[in-house]
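First up is the structure itself, then whatever we jot down about it.
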Amino acid sequence: MERVIKSGLGWRIGWNPTAPEFKGLVGTDDWAFELTEAELNDFCRLLAQLADTMRQIATELMDEEKIACEAESDLLWMEVEGYPHAYNLRLILKTGRCAEGQWNDSAVPGLLQASVMLKVF
């Protein structure tokens with residue numbers, strides 16, 4: 001498999017299986033940082049978990065209610081905040097590089113879809 005970079009309005013995600021250390025990339029139109037393979041795997045897994053949680057909780061909330069949910073691994077912390085159908089995403093790396101990023105609610109659906117398909121070949 002060759003290097004892949006997927007992008008949309010307000011998001012981008014990449015995978016380079018031949019890179020020596022930092023095989024992943026996440027970002028927006030304005031910023032990006034590289035991730036190790038383990039960090040990228042955790043990012044994709046936690047993003048899917050948070051999206052699933054938001055879908056499940058939608059029936060429990062009133063239309064005007066916002067919610068925040070967070071998930072973390074040893075490598076990173078993530079949070080979604082907003083409405084079950086439209087929420088922002090925050091990411092903080094907990095490793096030596098210590099980076100932080102955020103995606104607006106309009107970018108999250110595309111990023112989520114791309115993260116699921118990133119390594120499919």
* Of L25, I5, L118, which meets side-chain contact (heavy atoms from CB on, under 4.5 Å) against W15? ->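 Answer after filtering L25, I5, L118: L118.
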Working to the nearest 0.5 angstrom, can you tell me the gap between [X] [atom1] and [Y] [atom2]?
X	Y	atom1	atom2	result
L93	D42	CG	CG	10.5 Å
C44	L112	SG	CG	9.5 Å
E37	N16	CD	CG	11.0 Å

Return the minimal non-hydrogen interatomic distance between [X] and [Y], and the atom names on each side.
X	Y	answer
V26	W103	CB-CZ2, 3.9 Å
F43	L35	CB-CD1, 4.4 Å
A107	G10	CB-O, 3.5 Å
A114	K6	CB-CD, 4.1 Å
T53	C69	CG2-SG, 3.9 Å
T95	E39	OG1-OE2, 3.0 Å

* To do: Answer yes or no: is there a donor N or O on one side and an acceptor on the other, between the side chain of R90 and the main chain of M78, under 3.5 Å?
  =>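 The answer is no, because no donor-acceptor pair under 3.5 Å joins these two groups.
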* **Under 3.5 Å: donor-acceptor pair, side chain of N88, backbone of D105** =>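 Looks like yes, one N/O pair under 3.5 Å.
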* Asked: Taking a hydrophobic cluster as the set of Ile, Leu, Val, Met, Phe, Trp and Tyr residues connected by side-chain heavy atoms closer than 4.5 Å, whether directly or through intermediates, do I67 and Y83 fall within one such cluster?
  -> no
* Asked: In terms of hydrophobic clustering (I, L, V, M, F, W, Y; side-chain heavy atoms under 4.5 Å; direct or indirect links), are L75 and F22 co-clustered?
  -> no
* **Short N-O contact, K66 and E81, less than 4.0 angstrom** => no
* Asked: Hydrophobic clusters join Ile, Leu, Val, Met, Phe, Trp and Tyr when side-chain heavy atoms are under 4.5 Å apart, directly or via other members; which others share one with W77?
  -> I92
* Asked: Is there a side-chain contact (heavy atoms from CB on, under 4.5 Å) between S73 and L46 once you walk through the steps?
  -> CA-CA 8 Å; S73 70; L46 294 175; 4.3 Å; yes
* Asked: Quick check: are there more than 12 heavy atoms from other residues, nucleotides or ligands sitting under 6.0 Å from CG of D52?
  ->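 More than 12 heavy atoms, drawn from other residues, nucleotides or ligands, come within 6.0 Å of this atom.
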* When you look at CD of E65, are more than 12 heavy atoms from neighbouring residues, nucleotides or ligands closer to it than 6.0 Å? ->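 Buried by this count: over 12 neighbours within 6.0 Å.
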